[in-house]
Amino acid sequence: MIHEILPVGPLQCNCSIIGDEATREAMVIDPGDDINEILALIRKHSLQVKQIVITHAHIDHVGGAMKLRAATGAPILLNQNDYSLLKMLDLQAAWIGMPSPGKVEIDRSITSGDAVAAGSHTASVLHTPGHTEGSICLYFEADKKLIAGDTLFAGSIGRTDLPGGSMQKIMRSLHETVLALPDETVVVPGHGPITTIGEERESNLFLR
Ligand SMILES: [Zn+2]
């Protein structure tokens, strides 16, 4: 598996580029900003982007999606429960003092039961509401890897005080869905350092 993690934009959202070494097919997860740097990595590995997957519709995760779609032709995938947040992108931009990225169009909604793939690397979509209504995680079971969006961080969990957030729902998502995964699963959070399910199960105070 080719896996580049690039912190993008002023909030340093972890953008993941996942590619198949054999077919060179790839997906980009959360291209929040810095699209030229993302495209440089895609060229460096000679990848062809087939899907753009958004873990949730906060501007730091979705802000660059339209630029990347224009450059690659790949469709943008987001859970439909976050479509209402997309309509607030101008407001979100104002909150963090970023220029608005304009209108973002979603090509397809994805939810639990769906799968997304970069060549032979397949991920199950896990709908994990709480940080937002439409938050998802991507679980690459064979590669023992979870792209967690802003649901789980090393030593912390996603904030729930923004529109669509729910402490009750994020705790249910974490305990019933995320912590159901094996301890050796590597977790790539939406911000900050990588961790594992086992490490968070043992030491994350928010999961006690
Ligand atoms: Zn977020």
Side-chain angles (χ1 to χ4, degrees), residues 3 5-18 27-34 38 52-65 76-86 88-89 91-93 95-96 98 101 104 106 109-112 116 123-140 145-181 185-197 199-201 204-207:
H3 188 179
I5 301 169
L6 179 69
V8 296
L11 298 182
Q12 295 285 279
C13 161
N14 284 328
C15 171
S16 275
I17 301 164
I18 291 178
M27 74 173 79
V28 177
I29 304 160
D30 289 351
D33 204 348
D34 299 333
I38 293 169
I52 299 164
V53 185
I54 311 298
T55 61
H56 64 289
H58 281 155
I59 189 169
D60 50 323
H61 296 256
V62 74
I76 304 173
L77 281 45
L78 170 77
N79 182 270
Q80 62 186 2
N81 289 292
D82 266 8
Y83 287 4
S84 57
L85 274 180
L86 271 190
M88 300 170 57
L89 276 185
L91 187 60
Q92 291 190 45
W95 286 341
I96 62 169
M98 254 177 101
V104 176
I106 301 303
S109 173
I110 48 173
T111 190
S112 293
V116 292
S124 317
V125 176
L126 307 175
H127 182 211
T128 51
H131 176 62
T132 66
E133 271 294 330
S135 283
I136 57 165
C137 297
L138 297 181
Y139 179 42
F140 291 84
K145 197 172 271 190
L146 182 77
I147 308 295
D150 285 358
T151 296
L152 178 63
F153 300 114
S156 188
I157 64 172
R159 59 189 289 186
T160 55
D161 58 329
L162 296 170
S166 159
M167 181 56 86
Q168 199 186 347
K169 285 183 184 176
I170 201 170
M171 291 315 288
R172 194 188 309 148
S173 292
L174 285 163
H175 286 287
E176 292 180 5
T177 306
V178 177
L179 291 182
L181 301 177
T185 308
V186 171
V187 178
V188 181
H191 304 266
I194 65 171
T195 181
T196 65
I197 291 291
E199 174 70 25
E200 296 313 306
R201 196 194 307 282
N204 189 321
L205 297 176
F206 293 89
L207 301 179

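Predicted, not measured: the structure shown is a model, and the values here were computed from it.
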I need the [X] [atom1] to [Y] [atom2] distance, nearest 0.5 Å.
{"X": "Ile76", "Y": "Ile52", "atom1": "CD1", "atom2": "CD1", "value": "5.0 Å"}
{"X": "Ser135", "Y": "His127", "atom1": "OG", "atom2": "NE2", "value": "7.0 Å"}
{"X": "His131", "Y": "Leu174", "atom1": "NE2", "atom2": "CG", "value": "12.0 Å"}
{"X": "Thr128", "Y": "Ile136", "atom1": "OG1", "atom2": "CD1", "value": "7.5 Å"}
{"X": "Asp30", "Y": "Ile17", "atom1": "CG", "atom2": "CD1", "value": "12.0 Å"}
{"X": "Ile170", "Y": "Thr177", "atom1": "CD1", "atom2": "OG1", "value": "11.5 Å"}

I'd like to check [X] versus [Y] (side-chain heavy atoms, cut-off strictly below 4.5 Å). Are they in contact?
{"X": "His58", "Y": "Trp95", "result": "no"}
{"X": "Leu152", "Y": "Phe206", "result": "no"}
{"X": "Asp150", "Y": "His61", "result": "yes"}
{"X": "Ile194", "Y": "Ile5", "result": "yes"}
{"X": "Ile18", "Y": "Ile147", "result": "yes"}
{"X": "Val8", "Y": "Cys13", "result": "yes"}
{"X": "Leu78", "Y": "Val62", "result": "no"}
{"X": "Thr132", "Y": "Leu162", "result": "no"}

Under the side chain to side chain donor-acceptor pair (under 3.5 Å) rule, collect the residues that match up with [X], sequence neighbours excluded.
{"X": "Glu199", "answer": "Ser203"}
{"X": "Asn204", "answer": "Glu200"}
{"X": "Glu133", "answer": "Lys169"}
{"X": "Arg172", "answer": "none"}

So, does [X] use its side chain to make a donor-acceptor pair with the main chain of [Y] at under 3.5 Å?
{"X": "Asp33", "Y": "Gly64", "value": "no"}
{"X": "Ser173", "Y": "Pro129", "value": "yes"}
{"X": "Thr55", "Y": "Gly149", "value": "no"}
{"X": "Asp82", "Y": "His56", "value": "no"}
{"X": "Gln92", "Y": "Ile59", "value": "yes"}

Give me the atom names and distance for the closest heavy-atom approach of [X] to [Y].
{"X": "Pro31", "Y": "Cys15", "value": "CA-SG, 4.0 Å"}
{"X": "Ala65", "Y": "Ile54", "value": "CB-CD1, 4.1 Å"}
{"X": "Leu207", "Y": "Ile157", "value": "CD2-CG2, 4.2 Å"}
{"X": "Pro163", "Y": "Met88", "value": "CG-CE, 4.0 Å"}
{"X": "Pro189", "Y": "Ala154", "value": "CG-N, 4.1 Å"}

Leu146 and side chain to side chain contact (heavy atoms under 4.5 Å, CB included): which partner among Leu138, Val178, Thr151?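 For Leu146, the side chain to side chain contact (heavy atoms under 4.5 Å, CB included) test succeeds with only one of Leu138, Val178, Thr151, which is Val178.
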Pairwise side chain to side chain donor-acceptor pair (under 3.5 Å) hits with a residue in residues 8-18, at least two apart: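 Every pair satisfying side chain to side chain donor-acceptor pair (under 3.5 Å) with a residue in residues 8-18: His3-Ser16.
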Taking side-chain contact (heavy atoms from CB on, under 4.5 Å) as the definition, give me every residue that meets it alongside Leu11, ordered by chain and number, with sequence neighbours left out.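 side-chain contact (heavy atoms from CB on, under 4.5 Å) list for Leu11, sorted by chain: Asp60, Ile96, His191.
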